[in-house]
Amino acid sequence: MRFLGIGDSCDLGALYMRLVADGHEVRTYVGEPLAHGTMAGLVERVTDWEAELDWIGAAGEDGIILFENVAKSRGQLQDRLRQDGFNVIGGSAYGDRLENDRAFGQRILAGIGLQTARVEEFTSLVDAEHFLAQYPGRYVLKFNGANFGPRDNYVGRLSSGLDALAVLQSKAPQLGDGGSFILMEHVEGVEMGVGAYFDGQSFVGRPCLDWEHKRFFPGNLGELTGEMGTIATFDRSEVFFERTLKPMAPLLSAGGYCGYVNLNTIVNRSGIWPLEFTCRFGYPGFAVLGPLQETHWADLFAAMTGRPGRVQMRPGFCAAVVLTTPPFPYDRKAVDEPVGLPVIFDGGLTPDELEGLYYGEVGVSNGRLVTSGQYGWTMVATGTGTTIGAAREGAVALADKVVVPNLRYRRDIGCSLIDRDFAQVDDLGLLG
């Protein structure tokens, strides 16, 4: 099969490598100049993705275009390419809006019967200041649009709302014309997500449950990052899926969506509170899914583009630990940090251990593996097991074998789930 990956940072580089290893042809387009070193020497790079459309088209049903993100109106572009007869997996314009327009996403969720926390949308700092003066409370501040990253969001701690207001006032100059943001009522509970593949008509395979760890430091401290680690499983997922994501199927179909979709939530004694959509392949989301998928990626994508085939998931849990280097969680446009640091494996890796590593921002230079890219997402170490404890121990042991100058990662991924959170979710009757 032939695959053309389109994105800015080569977020799916480890997935492309697995496609190549399985004998498929892969070409990738990387739009961000600072990311041109990512996967260099590992995956074939092209400078003009449009020039590759004939190459993809010549493969017929064996040609698939993969989109990595929701930036730059790429959902609309995907819709147009589908209209032109191409097999496209990633999202759609409707999916872009679900993710980027948070107030819209909350209205959609309320419309399918889910309870939602109070959400107020603003385009004016002055209006938000008046609102907080009239309705003080603990709020979560989130900015709409692809121009803001996870670390721009803020989870308030003060019942007065003054900390959320201070963050908002500091970031207001970045909004520009047409910028908007939301203040969402804070909800206490266990944060968990549910996701599944959607083929344009219906969900494919079993749904996945995940528990993300977003703070930079253990103890839920530090910056909100894109992700520091995740625990995931396909087991006992149907009950939660049927109460949350499954009712979205008609809307996703009408919106031309084709790809992986995830809904993040908070659960407590009052029920399930949806927070936000991720309408794309997440990083490291695909890395925590991969070890639990018995079906190879190419066969999964073929099933998502209309060809018959069973999508099989493995039982058990997967733990993913994100290994980062400076300037993460910032980027090299904001913080000057070098690339080209050597990546060394202490004692070498077995084939199984190498399969458990998902390269991120690395490439080959002068014959050796080195760091690259814009953010410092160096790689992801994964482990699997019949229990959360076994999976996390495997992931941490593998992470400890990776040696890069100034490497940072959390060794507590999954500990809060083992201590209390998983039992709490089970006690709420949310696991099948």
Side-chain angles (χ1 to χ4, degrees), residues 3 5-7 11-12 15 61 64-70 74-83 85-101 104-105 108-109 111-114 192-210 232-234 237-265 272 274-283 285-290 292-313:
F3 295 90
I6 299 175
D11 294 343
L12 302 182
L15 192 158
E61 64 177 10
I64 295 177
I65 303 174
L66 300 174
F67 276 81
E68 298 179 354
N69 58 21
V70 295
R74 290 209 167 116
Q76 296 179 15
L77 175 58
Q78 292 177 67
D79 292 342
R80 291 199 299 271
L81 288 170
R82 290 188 185 106
Q83 291 173 1
F86 291 98
N87 291 321
V88 182
I89 297 175
S92 69
Y94 179 71
D96 285 8
R97 190 177 181 194
L98 284 176
E99 177 168 347
N100 291 331
D101 187 341
F104 173 74
I108 293 296
L109 289 164
I112 63 171
L114 275 68
M192 63 182 292
V194 57
Y197 295 102
F198 194 79
D199 67 2
Q201 301 294 326
S202 59
F203 288 103
V204 174
R206 293 160 57 198
C208 176
L209 300 178
D210 64 76
T233 183
F234 288 97
S237 59
E238 288 294 339
V239 169
F240 197 78
F241 172 68
E242 289 174 1
R243 294 181 58 179
T244 53
L245 197 56
K246 187 175 181 179
M248 283 294 301
L251 297 174
L252 293 171
S253 179
Y257 193 86
C258 184
Y260 190 77
V261 57
N262 180 276
L263 177 64
N264 197 31
T265 74
I272 302 170
L275 299 180
E276 61 189 2
F277 286 101
T278 299
C279 295
R280 52 186 162 82
F281 293 102
Y283 181 88
F286 78 91
V288 76
L289 295 175
L292 294 175
Q293 292 175 178
E294 187 172 315
T295 302
H296 287 204
W297 286 106
D299 295 329
L300 171 62
F301 294 149
M304 293 177 65
T305 54
R307 274 175 286 177
R310 297 184 64 189
V311 177
Q312 297 286 96
M313 312 304 189

What I'd like to find out is whether the side chain of [X] reaches to under 4.5 Å of the side chain of [Y], using heavy atoms alone.
X	Y	answer
Met313	Gln293	yes
Phe301	Asn87	no
Leu251	Leu98	no
Met248	Ile108	yes
Phe3	Leu12	no
Ser92	Gln78	no
Phe203	Val261	yes
Ile64	Ile89	yes

Enter the distance from [X]:[atom1] to [Y]:[atom2] here, rounded to the nearest 0.5 Å.
X	Y	atom1	atom2	value
Arg310	Leu300	CZ	CG	14.0 Å
Asp101	Phe277	CG	CZ	12.0 Å
Ile272	Met192	CD1	CE	8.0 Å
Ile112	Leu114	CD1	CG	5.0 Å
Phe67	Cys258	CZ	SG	12.0 Å
Leu81	Ile65	CG	CD1	5.0 Å

For the student: nearest non-hydrogen atoms of [X] and [Y], plus distance:
X	Y	answer
Arg280	Asn69	CD-CA, 4.0 Å
Ala232	Leu292	O-CD1, 3.6 Å
Phe234	Cys208	CE2-CB, 3.5 Å
Val311	Ala303	CG2-CB, 4.0 Å
Glu99	Val70	OE1-CG1, 3.7 Å
Ala196	Leu245	N-CD2, 4.0 Å

For Arg307, which residues count as a side-chain hydrogen bond (donor to acceptor under 3.5 Å, both in side chains) partner, sequence neighbours excluded?
Asp62
Using a 6.0 Å cut-off, check whether atom CZ of Arg206 has over 12 heavy atoms from anything other than its own residue.
yes
Worked verdict on Ile6 versus Leu77 for side-chain contact (heavy atoms from CB on, under 4.5 Å):
CA-CA 11 Å; Ile6 299 175; Leu77 175 58; 5.6 Å; no
Do the side chain of [X] and the main chain of [Y] share a donor and acceptor less than 3.5 angstrom apart?
X	Y	value
Thr233	Leu209	no
Asp96	Gly75	yes
Ser237	Pro207	yes

Check for me whether Arg97 meets the cation-pi criterion with Phe104, that is, NZ or CZ under 6.0 Å from the six-membered ring centre and within 45 degrees of the ring axis.
yes
Using the six-membered ring wherever Trp is involved, compare the ring planes of Phe281 and Tyr197 and label them parallel, tilted or perpendicular (cut-offs 30° and 60°).
tilted
Could you check whether Tyr260 and Phe286 have their ring centres less than 6.0 Å apart?
no
